[in-house]
Amino acid sequence: MQAAVMRANNAPLELEEVEIDAPGPGEVLVRTAASGICHSDLTVIEGGLPMPPPCILGHEPAGVVEAIGDGIVDFAPGDHVIGCLSSWCGVCNFCTGGRPYLCLTQFMGRPEGSKSRLSTPAGDPILQFGNLSSFAEKMLCPERSLVKIRDDMPLDRACLIGCGVTTGLGAALNTVNIPAGASVVIIGCGGVGLAALQGSRIVGAGQIIAVDSQAWKFNLAQKLGATHCVDASDADPVAAVQEITGGGADFVFECIGLVPTVQQAVAMTGRGGTTVLVGVVPVTEMVSISAADLTLQEKKITGSFMGSNRFRFDMPKYIDFYLDGRLHLDEMISSRLPLHEVNDAFDRMRKGEVARQVIVFD
Ligand SMILES: NC(=O)c1ccc[n+]([C@@H]2O[C@H](COP(=O)([O-])OP(=O)(O)OC[C@H]3O[C@@H](n4cnc5c(N)ncnc54)[C@H](O)[C@@H]3O)[C@@H](O)[C@H]2O)c1
Ligand SMILES: [Zn+2]
Ligand SMILES: [Zn+2]
């Protein structure tokens, strides 16, 4: 099959012929129909999340089951599925405690000494990213990376739910509890931020303030539910948010992953408010913030990983939201492209020219 392989950090992905093994026990072979491109793929390419090459990235997929391994009862060939990074073991403290997205054995490779799921034609192993590797025509996944979805859901939109939408929507719906009427700021209107914005609208937030440095995104943000927009390239976004909210917002979602915007997020959070860190700051960087600001104003900071999901429960619900007209996905797609244009897509993402881009397969 064709796949885009990361051979080195900070270099273009290379389109190669790759071998994919047959499904073993507990595994499902999926024909990839579509894969969204998430900023976390770019963070891996740029070395901000450690993942040794050669590796096949891509972790926001939807597809069709082609074959199943021994012991699979939840899937059959022909089923439509979404893939998610948040595979769960089902038995660790986090899984049994109701937080499977924090599962301790999330990245379930094959047992020691088995054949690699992915390899070169010469037999050299290629690393699989998050049990998925969707920048490829097929994926060989543990069954607990997949959820079956309705057949009437278009797969080129379903894929967005695999990471960005679940991350953003779940940050607003699962990680925190937003009372109706609360003020919300979204910093960064990419796929993740626009989903957090829609989650805030769906739960009935009051002011929903979109902050971005690319003013062209504001039309889109307003269509999706923003009540105010702040151009971070134009004015001090902290002062602007304080002015709109009268002193700071109840909830601020940082959806970029930069040190200065994390600091801005804490500064925009009002007394008693909550800062939600959704963007992934490169693991090599530290963020300095005022502890007194947190103590004296009783601000809270929380991380939000993969929208605190229970994805087999959440994703079919998000699909219903889309098909009911409450969750807007069509508007979030800036372009659809073939796999061989994946490097151009990353260039556009670096420049902030897009909301979400989707690779579609024949
Ligand atoms: N927490 C999680 O589980 C999780 C999951 C998926 C993605 N992420 C992370 O979420 C973040 C966003 O992902 P995405 O795919 O939406 O990214 P994206 O690149 O599509 O969007 C980022 C947005 O931020 C804007 N921006 C950049 N610099 C800015 C600045 N200084 N001020 C204001 N706006 C600025 C860009 O114009 C763009 O609209 C990334 O860090 C990604 O790694 C986290
Ligand atoms: Zn992602
Ligand atoms: Zn577990």
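Order of listing sets the numbers, starting from 1, for every ligand and every atom in it.
Using a 4.0 angstrom heavy-atom cutoff, Cys189 counts as in contact with ligand 1. The shortest separation from a heavy atom of Arg356 to ligand 1 is under 4.0 Å, placing the residue in contact.
In summary, the side chains of Gln2 and Glu16 do not present any donor paired with an acceptor at a separation below 3.5 Å, with no hydrogens or angles considered. Between the side chains of Thr269 and Thr275, a donor-acceptor pair is found at a separation under 3.5 Å. Side chains of Ser233 and Ser213: a donor-acceptor N/O pair is absent below 3.5 angstrom, by distance only.
Aromatic ring pairs are classed by plane angle as parallel below 30°, tilted from 30° to 60° and perpendicular above 60°; the pair Phe251 and Phe253 is parallel.
Here's the thing with Val280: one of its N/O atoms is less than 3.5 angstrom from an N/O atom of ligand 1. Residue Ala232 has no nitrogen or oxygen atom sitting less than 3.5 Å from a nitrogen or oxygen atom of ligand 1, judged on distance alone. Below 3.5 Å of separation, one finds an N or O of Ile256 facing an N or O of ligand 1. For ligand 1, the polar-atom distance check against Gly352 finds no nitrogen or oxygen pair separated by under 3.5 Å. Checked against a 3.5 angstrom limit, the closest N/O atoms of Val192 and ligand 1 fall inside it. Residue contacts with ligand 1: Gly191 is placed with a nitrogen or oxygen under 3.5 Å of a nitrogen or oxygen of the ligand (distance criterion only).
Close approach to Gln214 involves these atoms of ligand 1, each under 4.0 Å from a residue heavy atom: 37 (O). For ligand 1 and Gly279, the ligand atoms under 4.0 Å from any heavy atom of the residue are 9 (C), 10 (O), 11 (C), 41 (O). Each of the atoms 2 (C), 3 (O) of ligand 1 lies under 4.0 Å from some heavy atom of Met306. For ligand 1 and Cys163, the ligand atoms under 4.0 Å from any heavy atom of the residue are 5 (C), 6 (C).
Annotation: angle subtended at the Zn ion (ligand 2) by Cys163 SG and His59 NE2 is 110°, to 10°. Angle SG(Cys103) to the Zn ion (ligand 3) to SG(Cys92), rounded to 10°: 120°. At the Zn ion (ligand 3), the vertex angle linking SG of Cys89 with SG of Cys95 is 120° (nearest 10 degrees).
Salt bridge Lys148/Asp74: absent, no basic N to carboxylate O contact under 4.0 Å. Remark: Arg350 engages Glu46 in a salt bridge, criterion side-chain N to carboxylate O under 4.0 Å.
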